Amino acid sequence: MDIQLDPARDDLPLMANTSHILVKHYVLDLDVDFESQVIEGTIVLFLEDGNRFKKQNSSIEEACQSESNKACKFGMPEPCHIPVTNARTFSSEMEYNDFAICSKGEKDTSDKDGNHDNQEHASGISSSKYCCDTGNHGSEDFLLVLDCCDLSVLKVEEVDVAAVPGLEKFTRSPELTVVSEEFRNQIVRELVTLPANRWREQLDYYARCSQAPGCGELLFDTDTWSLQIRKTGAQTATDFPHAIRIWYKTKPEGRSVTWTSDQSGRPCVYTVGSPINNRALFPCQEPPVAMSTWQATVRAAASFVVLMSGENSAKPTQLWEECSSWYYYVTMPMPASTFTIAVGCWTEMKMETWSSNDLATERPFSPSEANFRHVGVCSHMEYPCRFQNASATTQEIIPHRVFAPVCLTGACQETLLRLIPPCLSAAHSVLGAHPFSRLDVLIVPANFPSLGMARPSKDKTGHTSDSGASVIKHGLNPEKIFMQVHYLKDFLQMLLENIPEEKRLELSVENIYQDWLESSGIPKPLQRERRAGAECGLARQVRAEVTKWIGVNRRPRKRKRREKEEVFEKLLPDQLVLLLEHLLEQKTLSPRTLQSLQRTYHLQDQDAEVRHRWCELIVKHKFTKAYKSVERFLQEDQAMGVYLYGELMVSEDARQQQLARRCFERTKEQMDRSSAQVVAEMLF
């Protein structure tokens, strides 16, 4: 496809003014309503300015002029009438879930009660607004800018952290005896900088602060890509409230999550690795420099399971008969884009026989391994790091849970559960200690994009303003999700940055690009590797089978009676992929040969990688008897099927093109949005 890129459509703006102020911790308190396909609640942000920003005497040129040459306008929020289902009351004796009140599925009416929604305010944002500077505009108020899209923001308020008993000990200045903005900000500064060994205490204080009452509404406005918040009279980041609460709800069409059905036909919702990351799930700071921790309480109907990318293995707390609450947290600072959530009617699978030793298998290390895993060599920011724990480095198999739709429990019990421990052990042997203490494995629906966690390139941005705002070039181009080059470049850059100069073997990012990405043909080092790999016993076995199949394909239709039937070896899935790739290089394969291939290896029952190569053979040789296999693949393996749609259309065969259009009409409503857009451009 030759698509002309539109910068206004394809560039993704990062609006957060991370150069002025950073979010250090998020506390989310959310209700999931499947009837309205909305997630709503509050998020409390704990901010840090580092005392780096002082009042500026000179006015900075306004860079966020609208087309009408009017500066960003803010209206004072009307008094908000928060629905009873979301009311929170503060008590110092409360535990995390004591204040949780569950939505009962009734339709939301908050927009009718005077709450601000950004539907009226949302407007287009031109490229000239991408990099607006928000530090301080002369005598104007400081502006906190958060990345935000497809959200209805109802209310923003300052949190009175000084009302939490016990937090006054965090104020070092004895002269701060009167509760003031400075007093509250001093509490937050001390809270976010507590040492790593006090992480449990820190999480407890974060939770208690998030339940504290508000002490004044803040002015806010929204546009297509951001939420902008200010407080009258607060002219610098230092003066701005360091703990704020945002009342908001998602929209059904929001691009950060997908509302769909699982393989059993039951409703579910999950984050999908959208090009806009999580900004349609909660207001946040997108640039990777904004590393933060989080904790979340999520309520859903009691029949649902809530899974998140937290460090703890959460269990449901029943609030009442029809509602449960789940609590997760993270103590490792990470970009907001790594936050994930999945809610559905899944069943937890457990091994019928399980050895306790499987969770903490230890073995002695060789001297080189011991150096690689040496405790105490971390140079990252302070947090409770697993690599500082000697026992964690020897844990080959970390605790893990497996969740699946009801209809797949049998297959998971029979196959998947037994595969995970050896996979974890192999990962440990190659990569070293697991960076996380546990793992949840979820069998996702067919419309989950196979590149779900791949993100737009964060390095190739346009001009970055003094505030930290910038643009990801082509970040919204749906084709980029299916093109791996920019991910490879990011990985190579990160890899070489962490290898000392003397150990790089004269490698540089530039010469790797030249040899491996920008030159035609197979690079010489890979040719040597292929020759070495060809000597592998498994590869030799595949070559022998390829020779047999080529011979079978050349035989005349009528064979002599005494001619023996060819006997084929049983092949592993990876060998089958290699076999089919070799056969794809053949100019012609007869229908008889293809039918024999299918029957010999039961190709329709193999995994997706094998079936994808099989479908390529079907399309290339117009093997009409197996077109049902292609239809099945396009419906059950939707993300991988994107490439297959292209092959069906390129063939210029009317029947194949009709098949492609028919399958797309059946599945387009369930497909991942980016995948559907790319396929639609292929077909029409």
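Here the structure is a predicted model, which means the values were calculated and not measured.
- Residues satisfying the side chain to side chain contact (heavy atoms under 4.5 Å, CB included) criterion with H621, sequence neighbours excluded, are L589, L594, L617.
- Note that the CG atom of L603 and the CG atom of L580 stand 6.0 Å from one another [nearest 0.5 Å].
- Using modelled atom types, no side-chain atom of H20 and backbone atom of D49 make a donor-acceptor pair closer than 3.5 Å.
- In this structure, R386 and S437 have side chains that are in contact, with non-hydrogen atoms separated by less than 4.5 Å.
- With rounding to the nearest 0.5 Å, the separation of CD in Q670 from OG in S675 is 13.0 Å.
- Within 6.0 Å of atom CG in D574, 12 or fewer heavy atoms from other residues, nucleotides or ligands are found, so the atom counts as exposed in its surroundings.
- In the model, N17 has no side-chain atom that pairs as donor or acceptor with a side-chain atom of S467 under 3.5 Å.
- For the 3.5 Å distance criterion, the side chains of E652 and Q657 fail to qualify, holding no donor opposite an acceptor.
- Salt-bridge annotation for R613 and E581: present, with a side-chain N of the basic residue lying under 4.0 Å from a carboxylate O of the acidic one.
- Side-chain N or O atoms of S470 include none that pairs as donor or acceptor with a backbone N or O of L14 at under 3.5 Å.
- Within the 4.5 Å cutoff, no side-chain heavy atoms of L578 are placed close to those of V546.
- Looking at heavy atoms from C-beta onward, D637 lies out of side-chain contact with H612 at the 4.5 angstrom threshold.
- One N or O on the side chain of Q606 and one on the backbone of Y601 form a donor-acceptor pair closer than 3.5 Å.
- Take T293 and apply the side chain to side chain contact (heavy atoms under 4.5 Å, CB included) test, not counting sequence neighbours, and it matches H25, P333.
- Panel note: side chain Q575, backbone L538; a donor-acceptor pair is recorded below 3.5 Å.
- When only modelled atom types and interatomic distance are considered, S651 and Q656 share a side-chain donor-acceptor pair under 3.5 Å.
- Partners of E647 according to the salt bridge (charged side-chain N to carboxylate O under 4.0 Å, His left out) rule, which considers only residues two or more places apart in sequence or in another chain, do not exist here.
- Judged purely by atom type and a 3.5 angstrom limit, N553 uses its side chain to pair as donor or acceptor with the backbone of T588.
- Using a 3.5 Å distance cut-off with no hydrogens or angles, the side chains of N278 and E286 do not pair a donor with an acceptor.
- For W294 and Y329, the distance between ring centers is not under 6.0 angstrom.
- A distance-only check finds no donor-acceptor pair linking the side chain of R279 to the backbone of L146 [under 3.5 Å].
- Between E616 and K620 there is no salt bridge, since no side-chain N of the basic residue sits under 4.0 Å from a carboxylate O of the acidic one.
- Side chain of S256 to backbone of N277: a donor-acceptor contact under 3.5 angstrom is found.
- Taking the side chain as every heavy atom from C-beta outward, L424 and E396 never approach each other to under 4.5 Å.
- To the nearest 0.5 Å, atom CZ of residue F633 and atom CE of residue M640 are 4.5 Å apart.
- Between the NZ atom in K24 and the CE atom in M291 there is a gap of 9.0 Å [rounded to 0.5 Å].
- With rounding to the nearest 0.5 Å, the separation of CG in L579 from CD in Q541 is 10.5 Å.
- Between K548 and I550 the shortest side-chain heavy-atom distance does not fall below 4.5 Å.
- Here T271 contributes atom OG1 and L281 contributes atom CG; the two are 7.5 Å apart, rounded to the nearest 0.5 Å.
- Judged by distance alone, the side chain of E681 and the main-chain N or O of V678 form no donor-acceptor pair under 3.5 Å.
- Side chain of H428 to main chain of T393: a donor-acceptor pair is present (N/O by atom type, distance under 3.5 Å, no hydrogens or angles).
- The six-membered or imidazole ring of F339 lies near that of F282, with a centre-to-centre distance under 6.0 Å.
- In this structure, the side chain of Q285 does not engage the main chain of D147 through any donor-acceptor pair within 3.5 Å.
- In this structure, F568 has its ring center closer than 6.0 angstrom to the ring center of W549.
- Taking the side chain as every heavy atom from C-beta outward, L634 and L659 approach each other to under 4.5 Å.
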